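What follows is a short report on a single structure.
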Amino acid sequence: MDARTTADGKGPAGPARPPASATARAGSRRTTGAPGRAVAGKAASAAPHLRRLLELLVDDAPAEALGAVTGQAREAGVDAADLAETERAVATALRVRGSLRAHRRRELELTALFDTAGDLAASRDLDEVLKAIVRRARMLLGTDTAYLTLPDEEAGDTYMRVTDGSVSPVFQNLRLELGEGLGGLVAQTTRPYASPDYRTDDRFRHTRNINAGVFEEGLVAILGVPLLLGSVHGGDRKVIGVLFAADRSPRAFSPDEVALLSSLAAHAAIAIDTARALHDTRAALAELAEVNELVRAHAAAVQRAEEAHDRLTDLVLRGGGVRDVAAAVAGLLDGALTVHDPAGRPLAAVRHDGGPFAADSMDAQWLVSAADESRTAARAVARSGRWICAVLAGQELLAIMVLHRRGELEDADRRMFERAGVVTGLLMLLRRTVAETENRVRGELVTDLLTGAGRDPALLAERGRRLGVDLDRPHLVLVADTVAEARDRLGSAVVRYLFGYPEGGAGAEHAGAVVLLVTADGQQTPEQVARAAAVQLGHLTGAPVTVAAAGPASGPSSIADAHAEAVRCLRALHVLGRHGDGASAGELGFLGVVLGDAKDVGGFVHGTLGPLLDYDARRGTELVRTLAAYFAAGGSLTRAKATLHVHVNTVVQRLDRVEALLGEDWNHPDRALELQLALRLHQLKL
């Protein structure tokens with residue numbers, strides 16, 4: 001025993017002074033034999049046994065080895081006084097051993113706590129930290145299992161987050177309602193609870209679900225401590241989970257074990273709170289980055305919008321046209337752009353670099369349908385790899401803009417495209433206003449051409465040149481009218497229609513109809529122009545419009561004559577019931593011959609009897625003479641064969657040939673009338 005320790009091992013007491021008898025006996029043993037061995041007639045010394053106690057303490061020998069020292073001293077013959085001292089020394093050694101083991105255990109616990117704190121400082125992975133805490137709890141408490149549960153706020157229950165030493169899938173996936181089981185008791189009271197035998201403990205609410213998991217895992221003794229957040233003295237502490245240690249046999253957990261598990265639970269709470277704070281921080285940083293990106297994108301969009309606004313405003317101020325706007329927008333949006341009239345006909349087509357663009361043919365009906373969709377949605381729409389924007393004035397469709405670019409348009413680019421549609425609409429309305437003003441002045445010229453028979457043609461031609469109408473160029477004269485309820489709309493529709501004829505187009509109301517003077521391009525016949533005008537004016541007016549065409553005509557007097565012919569042709573269209581149609585006098589057959597000023601008799605005769613005349617000329621037959629005799633005989637085959645001096649079968653065969661050449665309707669009343677007139681004119685020419 002240490003010389004600085006009292007007999008009971010509780011403190012220092014100065015240098016020890018052994019009893020005189022013990023000293024005498026020790027001196028006697030030194031002279032008579034080996035230490036620890038009694039000499040005949042002499043008592044054995046207790047000193048070797050005391051040294052043995054110290055050696056056993058150093059070696060951390062089990063308590064049984066320390067307790068055996070007393071028996072060894074008795075066997076060695078230590079006298080009663082020294083034997084009693086040895087027993088007290090053994091008791092003191094056992095207490096020292098317990099203290100040392102408690103210190104070592106506490107040292108291990110502190111090391112584990114420091115390691116856990118180190119894990120918290122070094123790791124950002126919450127799962128790894130929680131696994132380490134649960135694993136250390138199991139190791140330090142020496143339990144079969146350890147696990148940790150957390151509440152699921154969305155589901156309104158508690159779930160198993162981490163387990164160590166578990167062998168049951170049911171237990172590992174266990175979910176508990178709030179307030180159930182030992183964990184529910186811990187969470188409600190915010191205090192640790194230990195159950196030496198879970199099956200017989202009635203302090204908490206057992207449920208079939210929890211019992212099934214616990215029994216399958218084979219757990220008996222369970223210790224649970226709360227994971228708490230908040231100030232210890234503040235009183236407002238929140239349970240965010242429960243840490244458990246459990247054995248598969250009955251066991252009473254000591255206060256030190258409860259304290260140790262509570263310390264680990266505190267670290268787990270810190271880890272969870274830190275992870276949540278880190279998650280919130282990362283989420284906030286991500287949100288800030290996203291907002292920053294949105295701000296950056298918005299700033300770029302604002303800059304592009306300002307650039308687009310400046311360019312489009314400059315175009316308007318410089319008096320730019322639709323093509324100029326299309327070129328600017330195509331460059332800003334990096335795609336080809338086409339502009340079409342309400343009927344789908346192209347007005348402008350440019351590439352992103354400002355060059356001409358050859359667009360793929362688009363069905364006009366498809367394009368108008370897409371424009372209607374854009375008008376209904378009040379925004380640009382994507383269809384078939386293109387973006388379509390309706391150019392509107394109120395609900396009136398002025399034009400259709402098509403951006404030939406696949407892929408999505410960002411909101412800023414879409415708004416830019418739609419804003420370009422607004423600018424285009426403004427320009428077109430401005431053009432319409434200018435055109436209406438110019439058309440009123442040009443309309444006065446048209447009126448003077450039709451009513452001023454005694455006016456000087458040279459002065460009229462000079463006046464036309466000042467207004468941009470070259471009367472010496474070939475012109476077509478169109479006369480149009482519509483139903484009474486739509487006549488007020490026809491005048492404005494004519495102005496919009498004349499946008500397609502920037503050179504020499506003019507219109508005026510005259511004699512209850514609208515007269516249009518347009519340049520003849522030589523590519524379309526008068527009847528083609530008349531039909532197209534009837535369709536487009538009908539669409540713009542919203543009612544059927546009938547159009548008659550005459551010309552081409554050059555000079556004031558010829559234009560006036562062409563107008564008179566167009567008026568007669570329009571009257572003929574109404575007589576024939578062809579309302580909402582377009583035609584020219586040359587297309588009306590014998591009515592055109594009667595009504596037209598050109599009196600193209602030869603053309604009418606050949607156009608009507610041409611197949612028969614050509615056949616007779618090639619074959620030497622008499623189909624024309626036979627047809628004339630048939631009509632002259634009132635359709636009687638007998639009288640016709642008498643006039644021709646042939647057999648009746650010959651007449652039948654010839655008429656069959658006539659039908660093959662002219663068609664099955666050759667004998668219908670309207671067609672028969674044309675044929676008879678053509679036959680009479682042919683006879684007059686002979």
Side-chain angles (χ1 to χ4, degrees), residues 126-229 237-255 257-262 264-269 271-273 275-276:
L126 177 62
D127 286 336
E128 293 300 323
V129 173
L130 295 182
K131 288 178 181 178
I133 290 173
V134 172
R135 186 168 54 251
R136 290 194 180 104
R138 179 190 176 202
M139 177 187 68
L140 292 175
L141 270 69
T143 56
D144 296 323
T145 63
Y147 51 97
L148 185 146
T149 61
L150 295 178
D152 187 338
E153 296 181 358
E154 293 185 1
D157 60 5
T158 302
Y159 68 100
M160 196 74 67
R161 176 64 183 270
V162 182
T163 64
D164 190 76
S166 172
V167 296
S168 169
V170 174
F171 182 78
Q172 295 166 8
N173 295 282
L174 190 63
R175 298 188 75 93
L176 299 78
E177 295 296 329
L178 297 178
E180 293 180 350
L182 178 64
L185 181 63
V186 172
Q188 288 178 343
T189 61
T190 68
R191 298 179 59 186
Y193 273 90
S195 176
D197 190 346
Y198 174 87
R199 306 184 185 194
T200 61
D201 198 332
D202 58 359
R203 291 177 298 168
F204 48 84
R205 182 157 57 96
H206 292 261
T207 65
R208 181 180 301 177
N209 183 37
I210 301 176
N211 288 345
V214 172
F215 294 164
E216 181 166 323
E217 188 67 48
L219 301 181
V220 176
I222 302 177
L223 168 63
V225 297
L227 277 63
L228 297 172
L229 285 181
R237 308 192 73 188
K238 178 181 179 182
V239 178
I240 63 170
V242 179
L243 178 62
F244 297 89
D247 261 340
R248 295 187 175 93
S249 58
R251 170 176 175 174
F253 291 96
S254 67
E257 292 173 326
V258 174
L260 173 60
L261 194 62
S262 297
L264 290 173
H267 284 293
I272 294 173
D273 188 50
R276 288 176 178 174

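Bear in mind that the values here come from a model prediction, so they are computed numbers and not experimental data.
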Atom pair [atom1] ([X]) and [atom2] ([Y]), whose distance is rounded to the nearest 0.5 Å:
X	Y	atom1	atom2	value
Asn209	Asp157	CG	CG	9.5 Å
Leu260	Leu140	CG	CG	5.0 Å
Phe244	Met160	CZ	CE	7.5 Å

Do [X] and [Y] have side-chain heavy atoms sitting under 4.5 Å apart?
X	Y	value
Leu261	Phe253	no
Thr143	Leu223	no
Tyr198	Leu219	no

Side-chain donor or acceptor of [X] paired with backbone N/O of [Y] under 3.5 Å:
X	Y	value
Asn173	Pro169	yes
Arg248	Val220	no
Gln172	Ser166	yes
Glu217	Val167	yes
Asp201	Ser195	no

**Message:** Let's go through Asp127 and Arg161 carefully: what are the C-alpha distance in whole Å and the side-chain angles of both, what is the deciding distance for side-chain contact (heavy atoms from CB on, under 4.5 Å) to 0.1 Å, and is it a yes or a no?
**Reply:** CA-CA 9 Å; Asp127 286 336; Arg161 176 64 183 270; 2.5 Å; yes
**Message:** I'd like to know whether CZ of Arg203 has more than 12 heavy-atom contacts from other residues, nucleotides or ligands below 6.0 angstrom.
**Reply:**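 More than 12 within 6.0 Å, yes.
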Could you pull out the closest heavy-atom pair between [X] and [Y], with the gap in Å?
X	Y	answer
Ser262	Pro192	OG-CG, 3.9 Å
Arg199	His206	O-CE1, 4.5 Å
Ile210	Gly181	CD1-N, 3.6 Å
Val242	Gly183	CG2-O, 3.9 Å
Pro226	Ala265	O-CB, 3.6 Å
Ile222	Ala246	CG1-CB, 3.9 Å

**Request:** Please report the C-alpha distance between Met139 and Arg135 in whole Å, then the side-chain angles of each, then the deciding distance to 0.1 Å, and finally whether the side-chain contact (heavy atoms from CB on, under 4.5 Å) criterion is met.
**Result:** CA-CA 6 Å; Met139 177 187 68; Arg135 186 168 54 251; 5.8 Å; no
**Message:** Using the rule given for side-chain contact (heavy atoms from CB on, under 4.5 Å), can you reason through Leu243 versus Leu227, listing the C-alpha separation, both sets of side-chain angles and the distance that settles it, and then say yes or no?
**Reply:** CA-CA 7 Å; Leu243 178 62; Leu227 277 63; 3.8 Å; yes
**Asked** Mind checking what makes salt bridge (Lys or Arg N to Asp or Glu O under 4.0 Å) contact with Arg251, not counting sequence neighbours?
**Response** Asp247, Glu257
Which atom pairs, one a donor and one an acceptor, fall under 3.5 Å between side chains of residues 146-156 and the rest of the protein, sequence neighbours left out?
residue : atom : partner : partner atom : Å
Asp152  : OD1  : Glu154  : N            : 3.2
Asp152  : OD1  : Ala155  : N            : 3.2
Asp152  : OD2  : Arg175  : NH2          : 2.9

